[in-house]
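This one's a predicted model, so the numbers in the text were calculated from it and none came from an experiment. Below, chain A is the first sequence line, B the second, and so on; all start at residue 1.
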There are 2 protein chains.
Amino acid sequence: MVRQRRPTITDVARAAGVSKGAVSFALNGRPGVAEETRQRILAAAKELGWTPSHRARALSASRAFAVGLVLARPPELLGVDPFFPAFIAGVERVLAERNQALVLQVVTSQRAEEDGYRRLAADGRVDGVFLLDLRVADPRIALLKQLRLPAVTLGRPDVASPFPAVLVDDRPGITAAVSHLVELGHRHVAHVAGPEHFLHGAARRDAWEGALRAAGLPPGPCVPSDFSAAGGARATRQLLDLADPPSAIIYANDLMAMAGMAVARERGIDVPGGLSVTGFDDTELAAHLSPALTSVRTDPSGWGGVAARTLLDLIDGDGVADVEMPPAQLVVRASTAAPPPTPHQAP
Amino acid sequence: MVRQRRPTITDVARAAGVSKGAVSFALNGRPGVAEETRQRILAAAKELGWTPSHRARALSASRAFAVGLVLARPPELLGVDPFFPAFIAGVERVLAERNQALVLQVVTSQRAEEDGYRRLAADGRVDGVFLLDLRVADPRIALLKQLRLPAVTLGRPDVASPFPAVLVDDRPGITAAVSHLVELGHRHVAHVAGPEHFLHGAARRDAWEGALRAAGLPPGPCVPSDFSAAGGARATRQLLDLADPPSAIIYANDLMAMAGMAVARERGIDVPGGLSVTGFDDTELAAHLSPALTSVRTDPSGWGGVAARTLLDLIDGDGVADVEMPPAQLVVRASTAAPPPTPHQAP
DNA sequence: TTGTACGCGTTATCAG
DNA sequence: CTGATAACGCGTACAA
């Protein structure tokens, strides 16, 4: 009664009275076996409860049937980034369809990150990887090329890249935020940026600066920060300490914006009465703050799905092209309003 | 110059002039080869750039050298749970040491979750799994037993379980929160709970109720919710709408507490002047809100490390016992204070 | 120490 | 065209 060993195609072959090869052909639906024989083999496989041995297939095909993701995050940011679980959920939806697995590595330093890719490649644990959080002159592009590890980048690298990219454009969202604030009458719009070495951080910063210039306004001060609440609070204090503080701040993510709103409140500055604030990510909490946070909505789960599909197609050798994703959109809520009258700017 | 095929132990054997078996012994540092021969073999392996084939080892040893984690989260909670990335980071630290990989599945329904475990088991993708978010009469225990998949549970199941547990106790943190509030003078302490079918949700609820009783106070109202900001806001409105609203609310996580604080503010209720609030998780943002949120600090990363070690030991067949983790601790900040005078309760 | 079977599916070769 | 046979991928384990 105990089924100790799982059945192999050899067992199926014996049961159906054919050879191993015939079983393989039949199970994979390939020509070369008569229809009647095929049915007999399939029936035998079903009766024995045969399931393919993933390990044997992996060895035989020199494939892992898995893709990898190495995530580098400083410890304090590990629990607060809303992007990554949503991205993974999108990835999984596609992987599940194709019976692929996701091998995840979470590391807390860039050095460990490269080691992570090296290990994945050396062990043949994965057939390809996702490249997130692109950096300026990102060394991982060359590393993956050298490791001959297929990859898909989220965003377009600033260096030559042999890999397809899922193009996400944060800029329209930031541009919309700036326009929104300018229309409300703001003339002094600051930015609390993400780390400068991240391309998405730089893109948001550039979009902020470009939108202000396009509106004929001088870019206000920009404080680079680190996406953390502590960093957002620090940057906000810095901006509010200025002789000529901004009337609005565009934050590169919601978390920093939330911390910034708290700093303003501590100082008795009303949001949005005395200071308008916008975030980025549109986290679930954003809509439930007081005031509710105006933010930029992105679609990490959708990106994950597209990235996964692209990566699997690349691994399968299908021709793949970059995919352009819809632009991020501004969600206006209650943290933005007309600026307060500024006496010292009166004519 | 092109190294097309990666070297196998057969190549190493040929180069060193010995047999495959000898190479295997030498590379695994096992007795049975003369020291001199061993050196020659190691030198040959190094020169050829041999690295072990993970796939061949997996097939031969019938092991995946990987562990799995299936995470079920409703979409709206995917990006907001601080627990899970930190837990994974802790897991990875241990896995990296032992050259194991983590196979992750993120699903959005319980049905898909069971399928996830089934797939991991059927494919032999993993040698064991973590069981998180234990539920009342959790059916996954039986499922994993049936699948013969070694597992480690986070927390002690309420059903008989053949698996070792990493015992995390949320209760002392909640108890401390209640005591703190009672000492401040609160006599009407409500609770916004997590979903009732989660053991940790139930444990937090029980701790709240038990601590109040121990203090000789009747448990205030308890509103079960779902850990989301929207749910926290809804529950808070419900509590504040009561004829006799609580003077303090203990939330089962920070996110609901933050949303609750916003609801209070919208209604013109000062926190902590008119309402004290405590959270759970001690997310990074908690310390940077205004007022800063009193919360219960847990150590998901530490739990992850211990869970991983326990699981790997279990897989290796070492005897493993339950591991008790230090209790959660209350971090007092500015969202808790003495209750306002309550005229209608005056003698 | 060596030789070889084993784990298990895939695929090329070849006979019918 | 049908199907059998055998080699392959690669490390491990055991008998000789």
Side-chain angles (χ1 to χ4, degrees), chain A residues 3-46 48-66 99 122-125 127 316-317, chain B residues 3-42 44-45 48-66 99 122-125 127 316-317:
Chain A
R3 182 168 293 143
Q4 273 301 23
R5 204 173 51 81
R6 56 185 285 176
T8 73
I9 54 166
T10 307
D11 300 321
V12 176
R14 192 169 23 234
V18 294
S19 72
K20 259 174 63 175
V23 173
S24 179
F25 274 64
L27 291 170
N28 293 318
R30 290 198 310 196
V33 278
E35 190 50 34
E36 187 205 2
T37 314
R38 181 188 307 274
Q39 291 307 332
R40 187 153 39 92
I41 292 171
L42 294 180
K46 187 171 200 176
L48 290 176
W50 176 88
T51 50
S53 159
H54 168 257
R55 288 196 265 271
R57 293 187 67 211
L59 177 62
S60 174
S62 298
R63 284 250 275 152
F65 303 105
N99 235 299
D123 290 355
R125 289 268 192 189
D127 301 317
D316 287 345
Chain B
R3 182 168 293 144
Q4 272 303 21
R5 202 174 54 82
R6 56 184 287 173
T8 73
I9 54 167
T10 308
D11 299 321
V12 176
R14 193 169 22 236
V18 295
S19 72
K20 260 173 60 176
V23 173
S24 180
F25 273 61
L27 291 170
N28 292 322
R30 290 196 309 197
V33 278
E35 188 51 35
E36 186 205 2
T37 315
R38 182 189 305 276
Q39 292 307 331
R40 188 153 39 90
I41 292 171
L42 293 180
L48 290 176
W50 176 88
T51 50
S53 159
H54 168 257
R55 286 193 268 268
R57 294 188 65 210
L59 177 62
S60 173
S62 297
R63 285 250 277 152
F65 303 105
N99 236 297
D123 291 355
R125 289 267 192 191
D127 302 316
D316 287 346

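- Contact of the K20(A) side chain with the V23(A) side chain is not registered, since no non-hydrogen atoms from C-beta on lie closer than 4.5 Å.
- Residues A64(A) and R125(A) come closest through the heavy atom pair CB-O, 3.2 Å.
- Here OG of S53(A) is found 6.0 Å from CG of L59(B). Values are rounded to the nearest 0.5 Å.
- Taking CZ of R55(B) as the start and NE2 of H54(A) as the end, the distance is 9.0 Å to the nearest 0.5 Å.
- No contact: T10(B) has no heavy atom under 4.0 Å from any strand.
- Pairing each heavy atom of A44(A) with each of A15(A), the nearest pair is CB-CB, 4.1 Å.
- The nucleotide range of DNA chain D contacted by chain A, defined by atoms under 4.0 angstrom from heavy atoms of the protein and reported 5' to 3', is dT2(D) to dC10(D).
- You'll find the side chain of V18(B) stays beyond 4.5 Å of the side chain of V33(B), heavy atoms only.
- Following rounding to the nearest Å, K20(A) (NZ) and dG9(C) (P) show an atom-to-atom distance of 8 Å.
- Among the atoms of the strands shown, none is found under 4.0 Å from any heavy atom of V23(A).
- Taking the salt bridge (charged side-chain N to carboxylate O under 4.0 Å, His left out) definition, one finds that E36(A) meets it with nothing, sequence neighbours left out.
- Atom-to-atom, CZ of F65(A) to P of dC8(C) comes out at 16 Å; the value is rounded to the nearest Å.
- If you check residues 53-64 of chain B against DNA chain D, the residues with a heavy atom closer than 4.0 Å are S53(B), A56(B), R57(B), S60(B), listed by number.
- Listed pair R30(A) / dT11(C) meets the phosphate criterion, a side-chain N or O lying under 4.0 Å from OP1 or OP2.
- Across all strands, G124(B) comes closer than 4.0 Å to no nucleic acid atom at all (heavy-atom distances).
- Within the 3.5 Å criterion, the main-chain N or O of P52(A) finds a donor-acceptor partner in the side chain of R6(A).
- For the pair L27(A) and V18(B), both in contact range of DNA chain C, the more 5′-proximal nearest nucleotide belongs to V18(B).
- The CG atom of L48(A) sits 14 Å away from the P atom of dC8(C) (whole-angstrom rounding).
- In this structure, CG of N28(A) is placed 11 Å from P of dG9(C), rounded to the nearest angstrom.
- Within the 4.5 Å cutoff, the side chain of W50(B) has heavy atoms near those of the L27(B) side chain.
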